[in-house]
Amino acid sequence: MIRVTLLDGSARDVEEGTSFLEVAEGISPRLAKTAVCARWNGELHDLREPVPGDGALAVIGPGEPEALETLRHTASHIMAQAIKRQFPKVRLGIGPAIEEGFYYDLDLPTPLVEEDLEKIATGMREVIAADLPITRKDLSKAEARALFEKRGETYKLELLEDIEGETVSVYEQGEFVDLCRGPHLRSTGALRADAVKLLSIAGAYWRGDEKRPMLQRVYGTAWEKAKDLEQYLWRLEEAAKRDHRKVGKELDLFSIHEEGGAGLICWHPKGARLRRTIEEFWYAEHDRRGYEIVATPHIGKEQLWTISGHLGFYRENMYSPMDIDGVDYFIKPMNCPYQILIYKTRTHSYRELPMRMAELGTVYRYERSGVLHGLLRVRGFTIDDGHIFCRPDQVDEEIRSVYDFAVGMLTTFGFREFDIYLATRPHAGKAVGEPERWEQATAALRAALDARGLPYKVDDGGGAFYGPKIDIKVKDTLGRPWQCSTIQFDFNLPERFDMTYIGEDGAEHRPYMVHRALLGSLERFIGCLIEQYGGAFPVWLAPVQAVVIPIADRHNEYAANLALHLRDAGLRAQVDDSGERMNSKIRAAQLNKVPYMLVVGDREAESEGASVRLRTGEDKGTMKLDLFLQTAKGIIDSKSLEVWAA
RNA sequence: GCCCGUGUAGCUCAGUAGGUAGAGCACCCCCUUGGUAAGGGGGAGGUCAUCGGUUCGACUCCGAUCGCGGGCUCCA
């Protein structure tokens, strides 16, 4: 007998060989009817599998994340089946469920085109309508090998070799068989045809390796109900509207030029204004927290990059050298070497540590053309780059304060969702520095994370070769994570540059070095900001905070004076004295997402006031200028995400 | 870099079985001076990404290059 513990804590004993489904039936026939898969001791299993031994069982029904994952995995099989019917020569790669859908990688002699998606979708509807039972079979590796050899599925054979253990499972539905761990739905008809949609075709290297064949990947999405699919598609549309490349053009923030070069950003006046506001805030915060601001050159001699090791380990991201008086100079891909040179200009006492140095340093890195993406992935960018040089006993405190600084910064800008990673020592001996230092450094990072209680994931072995790190990513509207903050230990550069400080004992010691960027790069960060707000920035960031709108030309003078007054008070204000009608001016300001529109006509000129309209569409009515200024300044100074105070 | 797609006025997009192009917005001019999301009229603006090939003739077909988009890989 096997003892199965249920969710409510009760237990029941079942015969060996009993399937999860049978257990579910024993609990309640209704549960069994809607059940999708089983979670057994924390692992997902197919309902048809026999219970392997004593353990805890949760029967997963609709509405749970695992159910959606199972359904998507089945959708990918159904798609593969439909594709195989249309293109018998296809060889299958892998076809997993992903965050919001599924894909299947295929090797096809001819490229798929958009129209093929519709045909494949039709084929899928047929498979779903046929309601083919999905069965699971355990095979020995030899049996499986024979099966996939017969079918010419060379990629499956390769996968088979990498699976540990002697038996593998395959899933069958009608004529379709796939090597698969499962779990799956019970029949193809369990998927709703109106809740599935094929989205796109893309290229993908077999097993992500560019030395291997390029396969074709078909992306799709699948949901429990048609309504869920609709909602998802609506979300995609909304996200597209906020795309920073589109919004950046509409709001006249930045441009990229074919003549200038891919991945190189030109900031227009309004984008530059936004950037400057961020920089000013950034400088103020760094002053407050005891950073020394520095500035370093854009190019440096080969010698510098040899000492730093960049020419050894970072060369492929660096641009070709330029010859200056017979010496090779390189455009900097990082700021750290120069900051270290600054540190090294004199001896340092243990008393003056920690030393915190920072700059908005513009670097250039070679990125392959295919990865460039608006502001989010560029070739020239400005890192808000800081380096902390400290004693071992100061590390904990420094890490904690940098971490708080980073989270506080991102929070001020209105980001609420973070993915936090702790990346630890790389395996296979690819790390520099003694293991004890790694342990201490990793412990310091972990302690900072634990102290703040935000959830984080451990990226085992994901650290740089020179030290462990914390990465903080924010999510854009498409749900794509973008790395902003990073806090990285460095055991490498202090050695290479022979950095020292004089300790209490009068002897030379090696300082600890921490690289940190809070916003990441200004380009990427602004890209994220644009998407976060769809261009309707918090008032303190808005490139133009107020537009004064004269109703008729005779109000232009009053409007100009008003704008002057606002600018004196520190607001970024403009007058719209174009010959347009008031309605048209309001529309223009609205489309530019200007937070405040101050309409002025005879009444306002008379009363020394303005009629205040917010970009939310709200009309606050006519008010004295002072009252408006007071409220607006309150919003701006507090960096509120609201446009108006209640 | 690789796979697929794509590139027409400042912007968003039509268009041609291959015979050198059109709209709306924006811009300029004129009329209108209007109370909370587009007043009316007129005008100017394009070697149809670039280079090469096929053709009597290419914006249209083919190739290459560059850019852009969706992915793969990589990163701030």
Side-chain angles (χ1 to χ4, degrees), chain A residues 103 105 108 110-114 116 199-219 240 243 245-246 249-250 252 255-263 314 316-317 333-335 361-363 365-385 464 471-473 482-486 488 515-525 527-528 549-556 578-591 597-604 611-615 617-622:
Chain A
Y103 67 79
D105 283 347
L108 262 175
T110 52
L112 288 170
V113 292
E114 284 291 311
D116 289 325
L199 298 173
S200 60
I201 306 158
Y205 297 108
W206 169 236
R207 312 193 103 180
D209 182 346
E210 61 188 275
K211 292 186 195 71
R212 305 223 210 186
M214 173 69 71
L215 305 183
Q216 299 190 64
R217 175 173 295 180
V218 183
Y219 279 97
D243 189 307
R245 292 162 300 184
K246 180 173 139 71
K249 198 181 278 184
E250 286 165 354
D252 197 15
S255 56
I256 302 169
H257 301 266
E258 195 171 333
E259 311 89 304
Y314 208 69
E316 59 185 31
N317 286 295
M334 292 190 194
N335 301 300
T362 303
V363 299
R365 297 182 186 172
Y366 173 70
E367 297 285 355
R368 308 211 275 182
S369 62
V371 306
L372 300 174
H373 181 87
L375 293 176
L376 299 181
R377 191 71 183 275
V378 296
R379 284 181 172 158
F381 56 100
T382 302
I383 310 181
D384 65 318
D385 207 356
D471 284 336
I472 305 178
K473 303 183 182 194
W482 289 99
Q483 182 160 332
C484 288
S485 310
T486 181
Q488 312 185 342
H515 306 253
R516 42 109 286 182
L518 309 181
L519 308 178
S521 80
L522 289 176
E523 286 74 10
R524 175 176 293 176
F525 187 72
C528 291
I549 298 175
I551 288 179
D553 287 350
R554 65 174 178 282
H555 308 120
N556 281 358
S578 66
E580 293 300 323
R581 298 173 108 84
M582 179 204 62
N583 274 334
S584 169
K585 293 176 184 175
I586 287 176
R587 182 180 143 85
Q590 191 74 44
L591 291 176
M597 286 155 253
L598 305 187
V599 178
V600 296
D602 292 330
R603 296 204 292 271
E604 288 75 14
S611 174
V612 177
R613 184 189 205 274
L614 308 180
R615 73 170 166 219
E618 205 181 336
D619 184 354
K620 305 307 287 186
T622 300

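Each chain gets a letter, A, B and so on, in the order its sequence line appears, and its residues count up from 1. When reading the values below, keep in mind they use all heavy atoms of this one structure, side chains included, and skip hydrogens, waters and symmetry mates.
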Using the ring-ring contact (aromatic ring centres under 6.0 Å, His included) criterion, which residues pair with [X]? Sequence neighbours excluded.
{"X": "A/Phe381", "result": "none"}
{"X": "A/His515", "result": "A/His387, A/Tyr466"}
{"X": "A/Tyr219", "result": "A/Tyr103"}

Handout entry: Side-chain H-bond candidate by donor/acceptor type, A/Ser578 with A/Glu580, under 3.5 Å
Key = no
Problem - Short side-chain donor-acceptor distance under 3.5 Å, A/Gln590 and A/Arg613 - result: yes
Determine the Euclidean distance between corresponding [atom1] atoms of [M] and [N]; express it in Å to zero decimal places.
{"N": "B/rU60", "M": "B/rU16", "atom1": "C1'", "answer": "7 Å"}
{"N": "B/rG18", "M": "B/rC13", "atom1": "C1'", "answer": "23 Å"}
{"N": "B/rG45", "M": "B/rA21", "atom1": "P", "answer": "14 Å"}
{"N": "B/rU8", "M": "B/rA44", "atom1": "P", "answer": "24 Å"}
{"N": "B/rU32", "M": "B/rG70", "atom1": "C1'", "answer": "49 Å"}
{"N": "B/rU20", "M": "B/rU55", "atom1": "C1'", "answer": "15 Å"}
{"N": "B/rA14", "M": "B/rC29", "atom1": "P", "answer": "32 Å"}
{"N": "B/rA9", "M": "B/rG22", "atom1": "C1'", "answer": "10 Å"}

Handout entry: Partner set under side-chain contact (heavy atoms from CB on, under 4.5 Å) for A/Asp553, not counting sequence neighbours
Key = A/Asn556
Exercise for the section: Using the test side-chain contact (heavy atoms from CB on, under 4.5 Å), find all partners of A/Ile201 that sit at least two apart in sequence or belong to another chain. Expected result: A/Leu112, A/Leu117, A/Gln216
Measure distances between side-chain N and O atoms of [X] and base N and O atoms of [N], and say whether any donor-acceptor pair falls under 3.5 Å.
{"X": "A/Ser584", "N": "B/rA38", "answer": "no"}
{"X": "A/Gln590", "N": "B/rA38", "answer": "no"}
{"X": "A/Glu316", "N": "B/rG1", "answer": "no"}

Counting any heavy atom closer than 4.0 Å, what does [X] reach on the DNA or RNA strands: base, sugar-phosphate only, or nothing?
{"X": "A/Asn583", "value": "sugar-phosphate"}
{"X": "A/Gly601", "value": "base"}
{"X": "A/Glu604", "value": "base"}
{"X": "A/Val378", "value": "base"}
{"X": "A/Asp602", "value": "base"}
{"X": "A/Arg613", "value": "base"}
{"X": "A/Glu250", "value": "nothing"}
{"X": "A/Leu522", "value": "nothing"}

Strictly under 3.5 Å: I want the nitrogen or oxygen pairs between protein and nucleotides 12-14 of chain B, one per line.
unit_1 : atom_1 : unit_2   : atom_2 : d
B/rU12 : OP1    : A/Lys249 : NZ     : 3.2

Using the test salt bridge (charged side-chain N to carboxylate O under 4.0 Å, His left out), find all partners of [X] that sit at least two apart in sequence or belong to another chain.
{"X": "A/Arg603", "value": "none"}
{"X": "A/Arg581", "value": "none"}
{"X": "A/Arg217", "value": "A/Asp105"}
{"X": "A/Lys246", "value": "A/Glu250"}

Exercise for the section: Before accepting this row, confirm whether a basic side-chain N of the pair A/Arg245/A/Asp243 lies closer than 4.0 Å to the acidic partner's carboxylate O. Expected result: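 Answer for the salt bridge query: yes.
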Handout entry: Validation row: A/Val600, A/Ile549 side chains within 4.5 angstrom (heavy atoms)
Key =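 Answer no - side chains too far apart.
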Practice task
Would you indicate whether the side-chain heavy atoms of A/Cys528 and A/Lys473 approach each other to under 4.5 Å?
Solution key: no
Handout entry: Comparing A/Leu215 and A/Ala552 on RNA chain B - which has the more 5′ nearest nucleotide
Key = A/Leu215
Practice task
Name the residue closer to the 5' end of RNA chain B, choosing between A/Lys473 and A/Val612 according to the nucleotide with the nearest heavy atom.
Solution key: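 Between the two, 5'-proximity favours A/Val612.
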Exercise for the section: Starting from P on B/rC75, measure out to CZ on A/Arg368 and report it in whole angstrom. Expected result: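 Those two atoms, CZ and P, are 11 Å apart.
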Problem - Interatomic distance, A/Arg581 CZ vs B/rG41 C1' [rounded to whole Å] - result: 14 Å
Name the pairs: protein N/O against N/O of nucleotides 63-69 of chain B, kept only if under 3.5 Å.
unit_1 : atom_1 : unit_2   : atom_2 : d
B/rC66 : O2'    : A/Glu258 : OE2    : 3.4
B/rC66 : O2     : A/Glu258 : OE2    : 3.3
B/rG69 : OP1    : A/Arg245 : NH1    : 2.9
B/rG69 : O3'    : A/Arg245 : NH1    : 3.4

Problem - Contiguous pairing runs of three or more, Watson-Crick or G-U under 3.5 Å, that involve RNA chain B - result: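 Ordered by first number, the stems with RNA chain B (at least 3 consecutive pairs each) read B:1-7 with B:66-72, B:10-13 with B:22-25, B:27-31 with B:39-43, B:49-53 with B:61-65.
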Problem - N/O (side chain, A/Tyr205) to phosphate O (OP1/OP2, B/rC4) under 4.0 Å - result: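 For B/rC4, OP1/OP2 do not have a side-chain N/O of A/Tyr205 under 4.0 Å.
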Problem - N or O in side chain of A/Tyr366 less than 4.0 angstrom from B/rG1 OP1/OP2 - result: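 A/Tyr366 to B/rG1 OP1/OP2: side-chain N or O found under 4.0 Å.
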Exercise for the section: Mark this stacking check for A/Tyr219 against B/rG71 as yes or no, applying ring centres under 5.5 Å and ring planes under 30°. Expected result: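 Stacking is absent between B/rG71 and A/Tyr219, given that the ring centres and planes do not meet under 5.5 Å and under 30°.
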Practice task
Could you please name the option among B/rG1, B/rC2, B/rA38 that lies closest to any side-chain atom of A/Val371?
Solution key: B/rG1
Problem - Nucleotide nearest A/Arg554 when distance is taken to its side chain, options B/rU73, B/rC75, B/rG34 - result: B/rG34
